[in-house]
Student: 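Below you will find the structure I want to go over with you.
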Number of protein chains: 2
Amino acid sequence: MTVTIYDVAREANVSMATVSRVVNGNQNVKPATRKKVLEVIERLEYRPNAVARGLASKKTTTVGVIIPDISNNIYAEAARGIEDIATMYRYNIILANSDQNEDKELNLLDTMLGKQVDGIVMMSDAVTEKLHQSMDHSPVPIVLAGSVDETDKFPSVNIDYFQASLEAVQMLIANGHKRIAIVTGPLAYTINSKFKIEAYKKALSDANIVIDEKLIISDDDTYDSGLEAWESLSELEQPPTAFFAGSDELAIGLIHGAQDNGKKVPDEIEVISFENSKLARMVRPQLTSVVLPLYDIGAVAMRLLTKLMNKENIEDQSVIIPHRIEMRNSVK
Amino acid sequence: MTVTIYDVAREANVSMATVSRVVNGNQNVKPATRKKVLEVIERLEYRPNAVARGLASKKTTTVGVIIPDISNNIYAEAARGIEDIATMYRYNIILANSDQNEDKELNLLDTMLGKQVDGIVMMSDAVTEKLHQSMDHSPVPIVLAGSVDETDKFPSVNIDYFQASLEAVQMLIANGHKRIAIVTGPLAYTINSKFKIEAYKKALSDANIVIDEKLIISDDDTYDSGLEAWESLSELEQPPTAFFAGSDELAIGLIHGAQDNGKKVPDEIEVISFENSKLARMVRPQLTSVVLPLYDIGAVAMRLLTKLMNKENIEDQSVIIPHRIEMRNSVK
DNA sequence: ATGAAAGCGCTAACAG
DNA sequence: CTGTTAGCGCTTTCAT
């Protein structure tokens, strides 16, 4: 039924080894022979069986990608970066959603390794002990993208979340605010608890502003959470006049909450976001935001992985991509 | 180095056939034997090699997914639906972006078939002749998700785009508008040219409103295109008072364009969108929109594919999912 | 209930 | 430059 390398060999009057050579671009084939084989391949519509090839060569040219949720723009952006570079290096991608659930992450790792992927790119907002152990047992390289492993034992690609957050809050402080709130996603995510909030505290301390725990809110990373955060925060005796939002959706929720309350942004209320997705330009006022270069993070992570799979020497396993703040109109 | 089924067999004093049976849940194994084998598997940390299995069984339990662009929310949503159902049926997914480029689509089809996927879910806004032919040659089933094949020869999952569009425009007409514009994405996409615009024309004709080609704009599906469309349309001698937008971004661009011009939505200008992504709630006014259930389309397409791969009998290859219009505030 | 043996389609020495 | 020959790790008859 399906045509195999054997059929091609027979039709072309050569051995299967020769066919294999032309298919794999091996130079040790006489041009005339190559031509003949190529013709038969075309005529028979021969298509190499990658599974057989994988079994024989122990390489599948496919990498696994484990991300929390592809329908979330942040991860989709990274996935695109990963896929683009993968394609460039002729790898295919097995993509799966973990929903940030440890059991799923563990299972996915296992089934991907079972499928003999040549490497894995992993995004996880909380690299737990167990995950860490499983990753340690992997026979193929794994790189973390936009995910912090506190032990710093795995190759990873990130920006300096702490520094970026610090700069964001300092911008608000520089504009004269004393009552500054921070609204982030789940505390279970390392980036929120260890970096955004810690940086926020440091920025305030450095400016001798007393830290008011009531101004620190961590819930979801969503628009509705932003709306809710505004609700509760605006009811405080001394409500905040500026906000550091952990994501664009959060920032937009905060802004709409403020506007629905008759407050002007940025005249009365200033908001700085952390993400800079395309949403940032789709609100009025447009968001001033720390730019989190997800596409680049994904792309660089995949590139790092190709090197690792290729057993190239890596200078530094923890790469930090530069960040910057995109100035728009939610901050004066 | 890696432990194989053979190692397990030796350690458990059984044949590899028996190990294979317990791994595959075959009932013809004495409980005691099964237990013994399971123990060895655990102890040796044996993990079946899916590639070898795939070669021997001619099934890989992985399906290919070809979509235009994972970083575009619309497709990401569908991808999530596909993946969820795939996971439910124990399939993994090889995901790749085509950028709506025919050559890439053709290549992807080929490499996925080379990787011996058991089936393919394809999203393509323009099923060309060539694509059609390649799909026809596929040894495994292919289902189209949210994509129209005009010959209706391939299994597919869609909503009734024409009817949905008709209802949207009729809603605007019912509100008394005579100057109604339609702003869509590329005409090259079947859904835009054959359905949205045709439905728009029919709705107007039915209401005896003369069709003005100047009110029909097709460019990109983006926010900026929406902004630009407003620009040009508002400069007309008789500018439109209502808009049918082909996507949420387009709708938001139109609304912001109007608002920046001092027009009130929906008091002076009404806009109905076609998509209903989460963006729809993140603008003021919130978007009234035809709901395009991408997640469901992906999920149903994948479910259909499982049946096809299973050689089950399918009643109807072209499934149409019900649609509805979500009423919010961009239309009175 | 279990084992023996023949592939699945290809790569990779090794010869020549 | 080309052919021969082992496997790669597992499924799957066919016996027993």
Side-chain angles (χ1 to χ4, degrees), chain A residues 1-38 40-41 44-62 90 110-111 113-118 139-140, chain B residues 1-38 40-41 44-62 90 110-111 113-118 139-140:
Chain A
M1 180 63 242
T2 51
V3 7
T4 73
I5 199 172
Y6 214 84
D7 300 319
V8 176
R10 182 167 22 73
E11 287 288 312
N13 292 311
V14 296
S15 71
M16 55 185 297
T18 299
V19 178
S20 176
R21 288 191 186 94
V22 349
V23 167
N24 293 295
N26 186 315
Q27 286 309 300
N28 291 344
V29 181
K30 189 162 48 171
T33 311
R34 175 189 310 283
K35 183 155 174 291
K36 185 174 55 177
V37 173
L38 251 15
V40 175
I41 285 179
L44 266 45
E45 296 189 330
Y46 167 67
R47 174 191 289 137
N49 180 324
V51 172
R53 187 189 295 213
L55 183 59
S57 70
K58 297 181 167 305
K59 281 189 178 35
T60 54
T61 64
T62 108
R90 315 239 104 109
D110 209 57
T111 86
L113 292 176
K115 294 220 167 173
Q116 313 302 118
V117 294
D118 295 336
V140 297
Chain B
M1 178 64 244
T2 51
V3 9
T4 73
I5 199 173
Y6 212 83
D7 301 319
V8 176
R10 182 166 24 72
E11 288 288 314
N13 293 312
V14 295
S15 71
M16 55 184 298
T18 298
V19 178
S20 176
R21 288 192 187 94
V22 350
V23 167
N24 292 296
N26 186 313
Q27 286 309 303
N28 290 347
V29 181
K30 189 161 50 172
T33 312
R34 175 188 310 283
K35 184 155 176 289
K36 184 174 55 177
V37 172
L38 251 15
V40 176
I41 286 179
L44 266 44
E45 296 189 332
Y46 168 66
R47 174 190 292 135
N49 180 324
V51 172
R53 189 189 295 214
L55 182 59
S57 69
K58 296 181 169 303
K59 281 187 176 34
T60 55
T61 62
T62 107
R90 315 240 103 109
D110 209 56
T111 87
L113 292 176
K115 294 221 168 174
Q116 312 301 118
V117 294
D118 295 335
V140 298

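Naming: A, B, ... by sequence-line order, numbering from 1 per chain.
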Student: What residues, two or more places apart in sequence or in another chain, satisfy side-chain contact (heavy atoms from CB on, under 4.5 Å) together with Lys59(A)?
Tutor: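 By the side-chain contact (heavy atoms from CB on, under 4.5 Å) rule, Lys59(A) matches Ser57(A), Asp118(A).
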
Student: Check for a donor-acceptor pair, side chain of Thr60(B) on one end and backbone N or O of Gln116(B) on the other, with a separation under 3.5 Å.
Tutor: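 Yes; judged by distance alone, with no hydrogens or angles, the pair exists.
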
Student: List the atom pairs, donor and acceptor, that lie under 3.5 Å between side-chain atoms in residues 30-38 of chain A and the rest of the protein, sequence neighbours left out.
Tutor:
unit_1: Arg34(A); atom_1: NH2; unit_2: Asn26(A); atom_2: O; d: 3.2
unit_1: Lys35(A); atom_1: NZ; unit_2: Glu39(A); atom_2: OE2; d: 3.3
unit_1: Lys36(A); atom_1: NZ; unit_2: Ala12(A); atom_2: O; d: 3.4

Student: side-chain contact (heavy atoms from CB on, under 4.5 Å) with Ala52(A): which residues, sequence neighbours excluded?
Tutor: Asn49(A), Leu55(B)

Student: Write out all pairs satisfying salt bridge (charged side-chain N to carboxylate O under 4.0 Å, His left out) with one or both partners inside residues 3-14 of chain B, taking only residues at least two apart or from two chains.
Tutor: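 Non-adjacent pairs meeting salt bridge (charged side-chain N to carboxylate O under 4.0 Å, His left out): Asp7(B)-Arg10(B), Glu11(B)-Arg43(B).
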
Student: Let me test you: for the helix from dA1(C)-dT16(D) to dG16(C)-dC1(D), what is the angle between the axes at its two ends (five pairs each), rounded to 10 degrees?
Tutor: 30°

Student: Just the rounded figure in Å: distance from P of dT2(D) to CG of Asn13(A).
Tutor: 13 Å

Student: Side chains of Lys115(A) and Thr62(A) only: does a donor on one sit below 3.5 Å from an acceptor on the other?
Tutor: no

Student: Kindly write out the residues that satisfy side-chain contact (heavy atoms from CB on, under 4.5 Å) with Thr2(A), not counting sequence neighbours, or none if the list is empty.
Tutor: none

Student: Which residue is it: Val19(B), Val23(B), Thr18(B)? I am looking for the one with a side-chain contact (heavy atoms from CB on, under 4.5 Å) to Arg21(B).
Tutor: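 Of the listed options, the one satisfying the test is Thr18(B).
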
Student: Are OP1 or OP2 of dG3(C) and a side-chain N or O of Thr18(B) less than 4.0 angstrom apart?
Tutor: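 Indeed, a polar side-chain atom of Thr18(B) lies that close.
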
Student: Quick one: list whatever passes side chain to side chain donor-acceptor pair (under 3.5 Å) with Asp110(A), sequence neighbours left out.
Tutor: Arg47(B)

Student: Counting only non-hydrogen atoms, which of residues 27-37 of chain A are less than 4.0 Å from DNA chain D?
Tutor: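 Contacting residues: Asn28(A), Val29(A), Lys30(A), Thr33(A).
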
Student: Quick one: what's the B/S/- string for nucleotides 9-16 of chain D, heavy-atom cutoff under 4.0 Å, read 5' to 3'?
Tutor: BBBB----

Student: Restricting to side chain to side chain donor-acceptor pair (under 3.5 Å), what partner residues turn up for Ser20(B), sequence neighbours left out?
Tutor: Asn24(B)

